[in-house]
J.: 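My questions will all concern the structure given below.
Quick caveat, the model's predicted, so the values are computed rather than measured. Order of appearance sets the numbers: ligands from 1, and atoms from 1 within every ligand.
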Amino acid sequence: MDLHTITTVLRPSGADEVQTWADGHAWLAGGTWLFSEPQVHTDTLIDLEGFGWEPLKVSDAGLEIAATCRIVQLDNFKAPPDWVAAGLIPRCCRSFLASYKIWNEATVGGNLVMSLPAGPMISLTSALEGVCTLWSRDGTERRLPVAEFVTGDNRNALRPGELVRSIHLPLAALRKPFAFRRFTLTNLGRSEALLIGTRDPDDAAILLTVTAATLRPYQFRFPAGVSNAEVRNALDGAIADDRYLDDTHGSPRHRKHLTYLFAEQIRAELGV
Ligand SMILES: Cc1cc2nc3c(=O)[nH]c(=O)nc-3n(C[C@H](O)[C@H](O)[C@H](O)COP(=O)(O)OP(=O)(O)OC[C@H]3O[C@@H](n4cnc5c(N)ncnc54)[C@H](O)[C@@H]3O)c2cc1C
């Protein structure tokens, strides 16, 4: 799409070259959303491509995903054999609406910043206890768990001019067994509910992450042997009925039903 309000496109080679920030500026990553509809409040695009960040870095501490890592690069990643939770990567990469159309351009960071309930990179990185590194214009940086970064439908903790630099997935989370459940109303449709559970190999505690059904991610930590009633109570207590998303891809009532159903399935699958 031609963006008729854009008057300037900047291609810096590093964040320090972007000294000023104004309303109307936007970071450009894959552009799959930016170029998909008119951006009437945007006049300047600042392309992140020239920053040249290495897409994926494996270390003893886990996996560092650059914000500019494209979905296709993440999907092609060959994880070490003991990273059993890496099995979530292809599942989540295939959880975009019409995945194949945007895979080659859309980025992990762009997906987080869009902060749509059905953002599958939000599902993946929050379930794997990801922590984002955020860079501000004054050179400072801060870290925030992905589950706290996304605060609502299309809302997040980014401040004006701030940049998502990377997402760190800790080694311990990557080694956990997992259970994955997703529902869409149509084939290749937008996720109506996407729930992921992981189990700590040491104490069998379960981390349950609810996404897509709700306006933002919700996370629950349960001890080994948690009962279905306890899981239901936790969901009841944390997610009010008006926190379930209402749009053409699913009603709040159906999303709530799926959330409880999948949570119970995950509890049973991961329970020991
Ligand atoms: C056919 C189609 C299907 C889609 N399906 C889905 C779907 O199922 N789920 C979903 O969540 N989205 C979906 N989208 C929306 C969008 O394409 C994705 O969210 C995608 O991951 C956005 O990434 P991008 O790199 O293309 O972001 P861009 O379009 O480049 O940017 C999106 C927003 O994020 C900001 N931004 C990007 N990177 C950064 C950064 N590192 N730091 C700070 N701000 C940044 C931009 O300024 C902009 O506001 C779909 C879009 C299309 C066209």
Side-chain angles (χ1 to χ4, degrees), residues 1 3 6 9-10 12 14-15 18 21-51 53 55 65-75 91-126 132-137 141-142 144 146 149-150 153-167 182-194 211-213 215-217 245 247-250:
M1 164 176 289
L3 298 179
I6 303 298
V9 178
L10 303 175
V18 185
W21 189 266
D23 285 349
H25 286 194
W27 300 110
L28 169 64
T32 59
W33 177 75
L34 277 172
F35 290 103
S36 71
E37 60 182 63
Q39 304 291 341
V40 292
H41 301 297
T42 305
D43 54 46
T44 301
L45 294 177
I46 306 169
D47 197 340
L48 297 173
E49 184 142 23
F51 289 16
W53 294 331
I65 306 173
T68 45
C69 175
R70 298 186 192 281
I71 307 305
V72 67
Q73 292 172 315
L74 183 61
D75 189 58
R91 286 170 174 81
C92 290
C93 289
R94 283 162 185 74
S95 295
F96 281 86
L97 167 78
S99 301
Y100 62 95
K101 284 172 80 175
I102 59 165
W103 258 20
N104 291 310
E105 294 301 329
T107 64
V108 176
N111 192 247
L112 260 57
V113 176
M114 284 303 297
S115 301
L116 300 174
M121 297 300 105
I122 299 168
S123 313
L124 174 73
T125 55
S126 55
C132 0
T133 296
L134 311 177
W135 279 3
S136 69
R137 298 297 76 249
E141 70 174 46
R142 61 188 179 120
L144 209 55
V146 177
F149 173 78
V150 180
D153 183 2
N154 207 208
R155 299 167 74 100
N156 58 52
L158 266 192
R159 297 170 183 153
E162 214 172 16
L163 183 60
V164 178
R165 166 62 183 89
S166 60
I167 304 101
R182 174 178 182 241
F183 184 86
T184 59
L185 281 177
T186 55
N187 186 27
L188 299 181
R190 186 164 279 193
S191 301
E192 191 183 345
L194 198 165
T211 54
L215 301 179
R216 64 166 177 84
L245 180 66
D247 70 4
T248 51
H249 304 282

J.: Tell me which one of G31, G110, S36, A106 gets a heavy atom nearest to atom 30 (O) of ligand 1.
T.: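 Shortest heavy-atom distance from atom 30 (O) of ligand 1: G31.
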J.: Answer with side chain, backbone, both or neither: which part of L34 has a heavy atom less than 4.0 angstrom from an atom of ligand 1?
T.: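 The part of L34 near ligand 1 is both the backbone and the side chain.
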J.: Do W135 and W53 have ring centres separated by under 6.0 Å?
T.: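 Yes, the ring of W135 comes within the 6.0 Å limit of the ring of W53, centre to centre.
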J.: Using a 4.0 Å heavy-atom cut-off, say whether I71 meets ligand 1 through its side chain, its backbone, both or neither.
T.: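 No part of I71 comes within reach of ligand 1.
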J.: Would you mind running through ligand 1 and noting each atom that sits below 4.0 Å from a heavy atom of A67?
T.: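 Listed by number with element, the hits are 41 (N).
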J.: Which of the atoms of ligand 1 are close to T107, meaning less than 4.0 Å from one of its heavy atoms?
T.: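 Taking each heavy atom of T107 in turn, ligand 1 has 21 (O), 23 (O), 24 (P), 25 (O) under 4.0 Å.
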J.: Does the residue L158 have a heavy-atom contact with ligand 1, meaning some pair of atoms that are separated by less than 4.0 Å?
T.: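 Yes, that is the case, since the closest heavy atom of the residue is under 4.0 Å from the ligand.
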J.: With only distance considered, is W27 within less than 3.5 Å of ligand 1 through an N or O on each side?
T.: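 Min N/O separation from ligand 1 is below 3.5 Å for W27.
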J.: Do W27 and E162 have side chains that approach each other closer than 4.5 Å (heavy atoms only, starting at C-beta)?
T.: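 Side-chain contact under 4.5 Å: no.
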J.: Determine, considering heavy atoms only, which of G189, A118, S123, C132 sits nearest to atom 9 (N) of ligand 1.
T.: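 It is A118 whose heavy atom sits nearest to atom 9 (N) of ligand 1.
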J.: Do R94 and D75 have side-chain heavy atoms sitting under 4.5 Å apart?
T.: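 The answer is yes, as the side chains (C-beta and beyond) meet within the 4.5 Å cut-off.
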J.: Please identify which atoms of ligand 1 are closer than 4.0 Å to at least one heavy atom of A29.
T.: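 With A29 as reference, the close atoms of ligand 1 come out as 25 (O), 30 (O), 37 (C), 38 (N).
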J.: Given V113 and L158, is the side-chain contact (heavy atoms from CB on, under 4.5 Å) satisfied, shown in steps?
T.: CA-CA 8 Å; V113 176; L158 266 192; 3.9 Å; yes
J.: At what distance, to the nearest 0.5 angstrom, does CD of E49 lie from OG1 of T107?
T.: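 With rounding to 0.5 Å, CD (E49) is 10.5 Å from OG1 (T107).
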J.: Counting from 1, what ligand 1 atoms have a heavy atom of N111 closer than 4.0 Å?
T.: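 Once the distances to N111 are compared, the set is 10 (C), 11 (O), 12 (N), 18 (C), 19 (O), 21 (O), 22 (C), 23 (O).
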J.: Under 3.5 Å, N or O to N or O, is M114 touching ligand 1 that way?
T.: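 No; the residue has no nitrogen or oxygen that sits under 3.5 Å from a nitrogen or oxygen of the ligand.
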J.: Looking at ligand 1, does any of its N/O atoms fall within less than 3.5 Å of an N/O of I102?
T.: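 Between I102 and ligand 1, no N or O pair is found under 3.5 Å apart.
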J.: Could you list which atoms of ligand 1 come closer than 4.0 Å to a heavy atom of L116?
T.: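 Counting from 1, the qualifying ligand atoms are 10 (C), 11 (O), 12 (N).
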J.: Could you tell me whether some N/O pair between T32 and ligand 1 is separated by less than 3.5 angstrom?
T.: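 Indeed, backbone or side chain, T32 has an N or O that close.
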J.: Are F149 and I167 packed together at the side-chain level, in the sense that at least one heavy-atom pair is separated by less than 4.5 angstrom?
T.: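 No, too far: nothing below the 4.5 Å cut-off.
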J.: Within a reach of under 6.0 Å around CD of Q73, are more than 12 heavy atoms found that belong to other residues, nucleotides or ligands?
T.: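 It does: Q73 CD has more than 12 such atoms within range.
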J.: Is any side-chain heavy atom of D43 closer than 4.5 Å to a side-chain heavy atom of H25?
T.: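 Result yes, sub-4.5 Å side-chain heavy-atom pair found.
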J.: Is it true that T133 and R165 share a donor-acceptor pair across their side chains at a distance under 3.5 Å?
T.: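 Not at all, the side chains of R165 and T133 share no donor-acceptor pair under 3.5 Å.
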J.: Please work out whether any backbone atom (N, CA, C, O) or any side-chain heavy atom from C-beta onward of L163 is under 4.0 Å from ligand 1, and answer side chain, backbone, both or neither.
T.: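 It is both backbone and side chain that touch ligand 1.
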J.: Are more than 12 heavy atoms from other residues, nucleotides or ligands located less than 6.0 Å from atom CZ of R142?
T.: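 It does: R142 CZ has more than 12 such atoms within range.
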J.: Report yes if some N/O of V164 lies less than 3.5 Å from some N/O of ligand 1; otherwise report no.
T.: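 Between V164 and ligand 1, an N or O pair is found under 3.5 Å apart.
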